[in-house]
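One structure is given here, and the rest of the page talks about it.
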4 protein chains.
Amino acid sequence: MSSFPSSRGRPRDPRSHEAIISAATELVIEVGYAATSIGAVAARAGVGKDTVYRRWRGKPELVFEAVFTTTDHVPAPDTGTLAGDLTALLRSLVEEFHAPAAAAALPGLLADFAADPVLKARIRSQFLAPSKERLLIVFERAVARGEIAAGTPVDLVLDTLAGAVFFHVGLVGEHLDRQLAGWLAAAIAKGIEIR
Amino acid sequence: MSSFPSSRGRPRDPRSHEAIISAATELVIEVGYAATSIGAVAARAGVGKDTVYRRWRGKPELVFEAVFTTTDHVPAPDTGTLAGDLTALLRSLVEEFHAPAAAAALPGLLADFAADPVLKARIRSQFLAPSKERLLIVFERAVARGEIAAGTPVDLVLDTLAGAVFFHVGLVGEHLDRQLAGWLAAAIAKGIEIR
Amino acid sequence: MSSFPSSRGRPRDPRSHEAIISAATELVIEVGYAATSIGAVAARAGVGKDTVYRRWRGKPELVFEAVFTTTDHVPAPDTGTLAGDLTALLRSLVEEFHAPAAAAALPGLLADFAADPVLKARIRSQFLAPSKERLLIVFERAVARGEIAAGTPVDLVLDTLAGAVFFHVGLVGEHLDRQLAGWLAAAIAKGIEIR
Amino acid sequence: MSSFPSSRGRPRDPRSHEAIISAATELVIEVGYAATSIGAVAARAGVGKDTVYRRWRGKPELVFEAVFTTTDHVPAPDTGTLAGDLTALLRSLVEEFHAPAAAAALPGLLADFAADPVLKARIRSQFLAPSKERLLIVFERAVARGEIAAGTPVDLVLDTLAGAVFFHVGLVGEHLDRQLAGWLAAAIAKGIEIR
DNA sequence: CCTTAACCGAGACGGTACGTCGAGTCTTCAA
DNA sequence: TTGAAGACTCGACGTACCGTCTCGGTTAAGG
């Protein structure tokens with residue numbers, strides 16, 4: 001993947017990278033995804049437009065990195081029951097989608113990704129990957145406990161969870177339904193449990 | 001709402017309306033939502049831009065009407081069981097979201113609606129309303145049959161169903177999972193049934 | 001040629017035309033030809049860039065029109081002698097090239113015209129045409145008076161006069177040599193006279 | 001002038017100098033003066049941009065040196081008559097201006113020089129100096145022969161000759177008028193001769 | 001012989017301008 | 001008043017070049 005940086009020439013200034021990411025995050029929060037332009041990001045970061053385009057192919061990639069980076073190394077929950085694990089999982093999903101920058105960026109971001117075949121492939125492989133990994137572990141434990149069958153379709157469940165949270169958080173209410181995570185976890189858990 | 005047309009002067013040509021809707025639908029299918037511009041729609045419809053703006057406030061409203069019009073007057077399914085009704089409901093939802101124009105327009109459309117507070121309010125009240133109505137009827141019957149409790153939160157269920165279908169159809173696979181409707185209906189039905 | 005304006009649609013606002021021409025003239029004088037950008041002209045004229053590009057293909061055409069418009073309808077001089085006519089002709093040529101906007105624009109303008117084959121053809125046909133016309137009349141009278149031969153090559157004389165003035169005014173001294181017109185007219189007149 | 005190189009450190013590689021000059025000449029011929037960029041010259045020469053900027057202040061200086069170097073040590077013609085000498089002088093001037101790189105570079109080069117007060121001063125002192133020197137010698141001989149008066153203004157004659165050739169060669173015809181040198185020399189000679 | 005300083009290639013840097021396009025409004029003539 | 005046409009202001013797009021800077025790495029002369 002990494003197409004080695006080759007070390008020839010002046011290396012890229014990591015402070016530019018940071019400044020751009022910060023500027024992008026702030027602008028998305030302040031004016032929204034659609035009104036955030038590469039030019040404005042560059043200006044706020046005190047950087048030339050080329051310096052942005054040198055690192056990211058366009059707005060979707062830039063905002064994606066700016067908004068979804070803290071996502072990662074959360075361990076899979078282990079509460080002893082499927083419902084408990086799903087609740088924990090959903091809570092972190094809600095939290096992630098509800099963060100100011102994420103909530104402002106998500107709909108536009110997904111639209112731009114969906115419109116481009118190249119980017120579309122990354123939704124699953126990058127955007128949903130960490131969640132899928134945790135969900136897989138949760139499912140393995142649930143199978144071991146005999147709560148669910150071995151063949152339960154992880155991707156469908158993940159689409160359901162993420163889609164539900166996205167719709168509820170991103171497209172609907174001003175006010176987030178606080179019971180969302182609990183109710184949805186309970187319903188899905190019960191829905192896919194054996195018997 | 002309708003700010004009546006006041007009847008003085010030349011009446012609006014209904015053929016313009018049709019031609020614009022058709023042009024918009026075609027363009028969304030051919031070049032996608034983002035690349036569909038009002039100017040291009042007007043040109044293809046053989047119409048001035050003002051004639052478009054006189055009838056719709058902008059691209060989101062126009063495309064929404066162009067893409068989601070046949071939705072409406074389908075009666076609520078009545079198969080005798082909650083799972084059956086949900087399956088039927090989901091099948092029509094999948095069909096609706098999977099139609100060429102809808103699949104192409106949905107992500108961008110939702111992004112534009114979500115970005116505008118005024119439009120955002122219409123997602124529930126217009127976009128989801130027909131589905132909600134049918135779901136309510138299905139739930140009433142299920143309550144009457146004793147399958148589910150009276151207080152089951154319709155909106156959350158609807159977000160879950162629509163979100164799942166949207167994610168799966170609009171953002172993910174080229175190839176739609178044919179089992180989606182059946183599996184999801186079964187899981188949700190079981191998840192919200194009493195006991 | 002004229003590809004008739006067809007009268008359909010909103011006609012071009014002549015005030016925009018004027019404002020752009022004025023802004024271009026001012027900018028050329030203030031910052032020079034090279035530093036005059038279409039964007040800056042549009043901004044100063046209070047006009048969108050498209051409005052400029054709709055009327056002119058680029059900077060050379062725009063500045064040419066801005067700087068050389070008052071050139072035209074001066075009648076050919078008729079002093080009774082070739083030397084006198086040439087002096088008058090050269091005086092107006094010097095005046096024309098020495099005007100603030102013209103002096104600032106000429107070198108860059110000729111460079112841009114010379115670099116483009118399409119524009120290059122216009123140097124003779126538009127830029128030099130009015131002078132050539134007057135020179136032709138002057139020569140006809142001189143032939144009638146028997147001062148010069150009938151076949152005297154007008155184009156070469158014109159290149160010589162214009163080239164000399166351009167070099168002297170545009171490329172050389174801050175301070176224009178006041179005797180230029182008189183001396184050059186005398187030399188050329190004597191040089192091409194019979195005997 | 002030369003701001004001596006102080007001898008410490010690695011000396012400049014003379015092959016870089018040559019490579020840059022060659023690359024500049026080629027590019028000017030191939031794509032023209034305006035489209036010749038320092039970056040492209042450096043790339044073609046296999047050299048870093050700084051290596052160019054270390055030796056020349058910018059494109060005008062570089063291209064000037066690249067295009068006008070063979071100009072110099074031609075001796076002043078001595079045919080026995082002013083008209084003959086001027087013809088020879090003009091022939092070499094035409095040849096110089098008509099060379100591929102010179103013809104391509106001259107208009108833009110003069111424009112850039114004229115736009116910068118510092119460079120503008122060099123037009124006379126460097127670009128025209130060799131020609132002026134030869135013209136002075138020619139004039140001295142003509143004065144000695146009694147052909148012209150002692151005070152004949154060399155600079156004006158030089159402007160006239162150079163301007164005429166520049167206009168004719170650089171700005172006008174594809175096809176150079178072969179009689180240019182002869183006709184112009186004859187006219188000017190006759191024009192400035194005594195009686 | 002080993003520092004020191006200028007050179008070198010590569011390429012990132014902050015800027016500025018390019019010419020095109022879409023948004024939404026305005027202005028004309030004609031129906 | 002509607003309608004087609006198209007001009008209007010505005011602002012973003014992604015690219016190219018400017019001239020400077022910062023890397024790692026030569027290549028000499030001077031101590």
Side-chain angles (χ1 to χ4, degrees), chain A residues 5-13 15-17 34-40 42-43 45-55 57-59, chain B residues 5-13 15-16 34-43 45-55 57-59, chain C residues 5-13 15-17 34-43 45-55 57-59, chain D residues 5-13 15-16 34-40 42-43 45-55 57-59:
Chain A
S6 96
S7 88
R8 302 275 276 167
R10 176 176 174 176
R12 293 186 183 167
D13 190 336
R15 286 171 308 179
S16 297
H17 194 102
T36 296
S37 69
I38 299 277
V47 142
K49 279 202 287 177
D50 261 16
T51 301
V52 178
Y53 282 110
R54 210 174 285 124
R55 292 155 207 265
R57 296 182 60 76
K59 187 164 72 161
Chain B
S6 95
S7 84
R8 292 264 288 166
R10 175 175 172 177
R12 291 186 183 168
D13 189 337
R15 286 173 307 178
S16 296
T36 297
S37 68
I38 298 280
V41 169
V47 142
K49 281 204 288 177
D50 265 16
T51 302
V52 178
Y53 281 108
R54 215 172 278 127
R55 291 156 208 262
R57 297 183 58 76
K59 186 164 73 162
Chain C
S6 95
S7 89
R8 301 275 279 167
R10 174 177 175 177
R12 293 187 183 166
D13 190 336
R15 285 172 309 179
S16 296
H17 194 101
T36 297
S37 68
I38 299 278
V41 169
V47 142
K49 279 200 287 178
D50 261 16
T51 302
V52 178
Y53 281 110
R54 210 174 285 123
R55 290 155 208 264
R57 298 181 58 77
K59 188 164 71 161
Chain D
S6 95
S7 85
R8 290 266 288 169
R10 175 177 174 178
R12 291 186 185 165
D13 189 336
R15 286 172 307 177
S16 296
T36 296
S37 67
I38 298 278
V47 142
K49 281 203 289 177
D50 264 16
T51 302
V52 178
Y53 280 110
R54 214 173 280 127
R55 290 154 209 263
R57 296 183 58 76
K59 185 164 74 161

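This one's a predicted model, so the numbers in the text were calculated from it and none came from an experiment. In what follows, every chain begins at residue 1, and chains take the letters A, B, ... in the order their sequences are listed.
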Subject >> Any residue meeting side-chain contact (heavy atoms from CB on, under 4.5 Å) with C:Ala34, in chain and number order, not counting sequence neighbours >> reply: none

**OP:** Search all heavy atoms of B:Gly58 against all heavy atoms of B:Ile38 and return the closest pair with its distance.
**Re:** C-CD1, 4.1 Å

**OP:** Look only at the side chain of B:Lys49 and the backbone of B:Ala42, and say whether a donor-acceptor pair between them is shorter than 3.5 Å.
**Re:** no

Subject >> Spacing of C:Ile38 atom CD1 relative to E:dA17 atom C1', expressed in whole Å >> reply: 10 Å

I'd like a table of atom pairs between the protein and nucleotides 7-10 of chain F - only N or O on both sides, under 3.5 Å - with the distance next to each one.
{"unit_1": "F:dA7", "atom_1": "O4'", "unit_2": "C:Arg10", "atom_2": "O", "d": "3.3"}
{"unit_1": "F:dA7", "atom_1": "N3", "unit_2": "C:Arg10", "atom_2": "NH1", "d": "3.4"}
{"unit_1": "F:dC8", "atom_1": "OP1", "unit_2": "C:Asp13", "atom_2": "N", "d": "3.2"}
{"unit_1": "F:dC8", "atom_1": "OP1", "unit_2": "C:Arg55", "atom_2": "NH2", "d": "2.1"}
{"unit_1": "F:dC8", "atom_1": "OP2", "unit_2": "C:Arg54", "atom_2": "NH1", "d": "2.4"}
{"unit_1": "F:dC8", "atom_1": "OP2", "unit_2": "C:Arg55", "atom_2": "NH2", "d": "3.1"}
{"unit_1": "F:dT9", "atom_1": "OP1", "unit_2": "C:Gly46", "atom_2": "O", "d": "3.2"}
{"unit_1": "F:dT9", "atom_1": "OP2", "unit_2": "C:Gly48", "atom_2": "N", "d": "3.2"}
{"unit_1": "F:dT9", "atom_1": "OP2", "unit_2": "C:Thr51", "atom_2": "OG1", "d": "2.6"}

Original post:
So, does A:Lys59 use its side chain to make a donor-acceptor pair with the main chain of A:Thr36 at under 3.5 Å?
Top reply: yes

Subject >> Nearest-Å distance for atom pair CZ/P, residues C:Arg57 and E:dT20 >> reply: 9 Å

Original post:
For the pair made of NZ in A:Lys59 and C1' in F:dC13, what is the distance, rounded to whole Å?
Top reply: 11 Å

**OP:** State which residues pass side-chain contact (heavy atoms from CB on, under 4.5 Å) with C:Arg12; sequence neighbours excluded, sorted by chain then number.
**Re:** C:Arg54, C:Arg55

